[in-house]
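What follows is a short report on a single structure.
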Amino acid sequence: MTQSLAGYSVIVTGATKGIGKGIAAAFVQAGARVLVTGRDEAAAEACVAELSGQGPGTASYLLGSVTSAADMDRMASVAVERHGAIDVLCANAGVFPEAKLDSMTEADWDHVFETNVKGNFLAVRSCLPELTRSGRGRIVLTSSITGPITGQPGWSHYGGSKAAQLGFMRTAAIELASRAITVNAVLPGNIATEGLADLGDDYRASMEAAIPMGRLGSVADIGAAAVFFASPAASYITGQALAVDGGQVLPESISAAEV
Ligand code: NAP
């Protein structure tokens, strides 16, 4: 059953496409007023047009980068201007460029950590006063199974950043518990997004073969987990990481995944 979040003010960073757009859609379907952010204006306009047909909630966008403290402060101000409050921050924006260790540059490393880890911190810090005022404040991070649970050659910087998000989450959850703000993380497995479609059918088939449920996840699967963490039903859950991966991390061996 869809949770009703009518009247909630929600921000989703990195929501012009992919998982963030799916999270935003789930909140719109739950009745929330959603501010989506990203840097690509054409994609943001298209996203909001798509979400607007999915009511009963509403969606609008604001351009900005999670790597900019000024942009994150502006994001919080605009959410309050448009919705009067901030109840939920979904810190979702992330990048995952491939680089093996032998050729990885400092710039590669810094780009991933600046977006995926510092970006979480800046978004959370800017929204904290309003999340505190809300009385039902929720922070939902998009981490990954890669890093916290598994490894993937070519993504050591990414895996490190996704694990770092969970370290941030645990201390933030303690610091913010007395304000009734919860901080949790969704760990997506392999999710079907626009970007994945470009990689072709063979790639998709090889990924599906490693997932006990035999299919990639959908952005709606991740959106449902984010809505759950934001809902009153989850008000006593904080500092937790929830893998949403069709069982991908479970097999001990290749043969175990082939049953
Ligand atoms: P995606 O399709 O590439 O979308 C990434 C989103 O982040 C875009 O909306 C992009 O918007 C935004 N973004 C990137 N850098 C940004 C910045 N500096 N400031 C603001 N927005 C920024 O990626 P995705 O697959 O949906 O991934 C979303 C999150 O899920 C990431 O944290 C990723 O690590 C995580 N994840 C994905 C998968 C998967 O299978 N897809 C699995 C595990 C975890 P603009 O281009 O408009 O800036």
Side-chain angles (χ1 to χ4, degrees), residues 11-26 34-48 50-51 59 61-72 74-75 89-98 110-123 126 140-152 155 157-166 168-169 185-199 203-204 206-208 210-211 215-223 225-226 241-246 248-249:
I11 295 174
V12 187
T13 68
T16 56
K17 59 181 179 173
I19 287 174
K21 186 168 76 174
I23 292 172
V34 182
L35 180 65
V36 305
T37 80
R39 298 157 302 170
D40 179 340
E41 183 151 31
E45 272 180 17
C47 168
V48 164
E50 188 181 326
L51 296 183
Y61 74 84
L62 178 73
L63 298 182
S65 175
V66 295
T67 61
S68 160
D71 284 2
M72 293 299 93
R74 188 167 137 66
M75 174 183 81
L89 168 66
C90 294
N92 167 81
V95 292
F96 34 89
E98 181 179 4
D110 290 344
H111 172 53
V112 168
F113 269 73
E114 192 166 359
T115 307
N116 298 0
V117 187
K118 188 177 174 187
N120 276 191
F121 155 61
L122 293 177
S126 295
V140 183
L141 310 179
T142 306
S143 173
S144 176
I145 59 170
T146 309
I149 305 176
T150 64
Q152 182 68 18
W155 280 274
H157 49 355
Y158 176 75
S161 75
K162 293 283 139 179
Q165 286 182 275
L166 300 192
F168 170 79
M169 171 190 77
V186 180
L187 279 54
N190 279 297
I191 307 302
T193 57
E194 299 93 325
L196 191 91
D198 297 341
L199 298 176
Y203 182 79
R204 184 185 180 112
S206 73
M207 289 169 69
E208 285 172 346
I211 302 172
R215 69 167 177 89
L216 302 184
S218 68
V219 297
D221 290 323
I222 306 307
L242 177 64
V244 181
D245 70 343
Q248 186 172 348
V249 301

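Start at 1 and go down the list; that is how both ligands and their atoms are numbered. Keep in mind the model is a prediction, meaning the values are calculated, not measured.
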Inset, instruction - Check the pair Lys162 / Thr146 against side-chain contact (heavy atoms from CB on, under 4.5 Å), numbers first and verdict last. - result: CA-CA 7 Å; Lys162 293 283 139 179; Thr146 309; 5.6 Å; no
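At under 3.5 Å, a nitrogen or oxygen of Tyr158, whether backbone or side chain, sits near a nitrogen or oxygen of ligand 1. Considering backbone and side-chain atoms alike, Thr37 places every N or O at 3.5 Å or more from each N or O of ligand 1. The shortest N/O to N/O separation between Pro188 and ligand 1 does not fall below 3.5 Å. For ligand 1, the polar-atom distance check finds an N/O of Ile191 within less than 3.5 Å of one of the ligand's N/O atoms. Remark: ligand 1 and Val66 share an N or O pair separated by less than 3.5 Å (distance only, no angle test). For a threshold of 3.5 Å applied to N or O pairs, the pair formed by Arg39 and ligand 1 contains at least one separation below that value. Checked by distance only, ligand 1 and Asp40 come closer than 3.5 Å through their nitrogen or oxygen atoms. Geometrically, ligand 1 and Thr16 share a nitrogen or oxygen pair separated by less than 3.5 Å.
Of the candidates Gly94, Ala91, Ala243, Ser143, the one placing a heavy atom closest to atom 44 (C) of ligand 1 is Ser143. Among Leu216, Thr142, Asn190, the residue whose heavy atom lies nearest to atom 30 (O) of ligand 1 is Thr142. Looking at Ile19, Val12, Ile222, Thr13, it is Ile19 that brings a heavy atom closest to atom 38 (C) of ligand 1. Among Gly189, Gly64, Ser144, the residue whose heavy atom lies closest to atom 42 (C) of ligand 1 is Gly189.
In this structure, Ser206 contributes its side chain and Tyr203 its backbone to a donor-acceptor pair below 3.5 Å. A donor-acceptor pair under 3.5 Å is absent between the side-chain atoms of Gln248 and the main chain of Ala210, judged by distance alone. Put simply, the side chain of Asp245 gets close to the backbone of Val249: a donor and an acceptor are under 3.5 Å apart. Panel note: side chain Thr115, backbone Val95; no donor-acceptor pair is recorded below 3.5 Å. Side-chain atoms of Asn116 do not come within 3.5 Å of backbone N or O of Phe113 as any donor-acceptor pair.
Per-residue contacts place Ala15 under 4.0 angstrom from the following atoms of ligand 1 (heavy atoms of the residue considered): 9 (O). Those atoms of ligand 1 that come under 4.0 Å of a heavy atom in Gly38, given as number and element, are 21 (N), 47 (O), 48 (O). The contact set between ligand 1 and Gly18, taken as ligand atoms under 4.0 Å from a residue heavy atom, comprises 2 (O), 26 (O). Atoms of ligand 1 lying under 4.0 Å from at least one heavy atom of Ser65, given by number and element, are 17 (C), 18 (N), 19 (N), 20 (C).
With a heavy-atom cut-off of 4.0 Å, Lys162 touches ligand 1 through its side chain alone. Residue contacts with ligand 1 for Ala44 are absent, since no atom lies close enough (heavy atoms, distance under 4.0 Å). Using a 4.0 Å cut-off between heavy atoms, Asn92 contacts ligand 1 through both its backbone and its side chain.
At the top of the distance list for atom 12 (C) of ligand 1, counting protein heavy atoms only, stands Gly14 CA, 3.4 Å. Of the protein's non-hydrogen atoms, the one nearest atom 25 (O) of ligand 1 is Phe96 CZ, 3.5 Å. Protein heavy atom closest to atom 1 (P) of ligand 1, with residue, atom name and distance, is Lys17 CE, 3.9 Å. Nearest protein heavy-atom neighbour of atom 21 (N) of ligand 1: Ala93 CB, 3.7 Å.
Within the 4.5 Å cutoff, no side-chain heavy atoms of Leu216 are placed close to those of Ile191.
Put simply, OG on Ser126 and CE on Met75 are 6.0 Å apart, with the number rounded to the nearest 0.5 Å. Residue Phe121 holds its CZ atom at 7.5 Å from CZ of Phe168, rounded to the nearest 0.5 Å. Atom CD1 of Ile222 is separated from atom CG of Leu187 by 9.0 Å, given to the nearest 0.5 angstrom.
Using a cutoff of 4.0 Å between basic side-chain nitrogens and carboxylate oxygens, Arg39 and Asp71 are not scored as salt-bridged. Ion pairing of Glu208 with Arg215 is absent here, as no side-chain N (NZ or NE/NH1/NH2) approaches a carboxylate O to less than 4.0 Å.
Side chain to side chain, Glu41 and Tyr61 meet the donor-acceptor criterion of an N or O pair below 3.5 Å.
Taking all atoms of both residues into account, the shortest heavy-atom contact from Asp40 to Ala43 is OD1-N, 3.1 Å.
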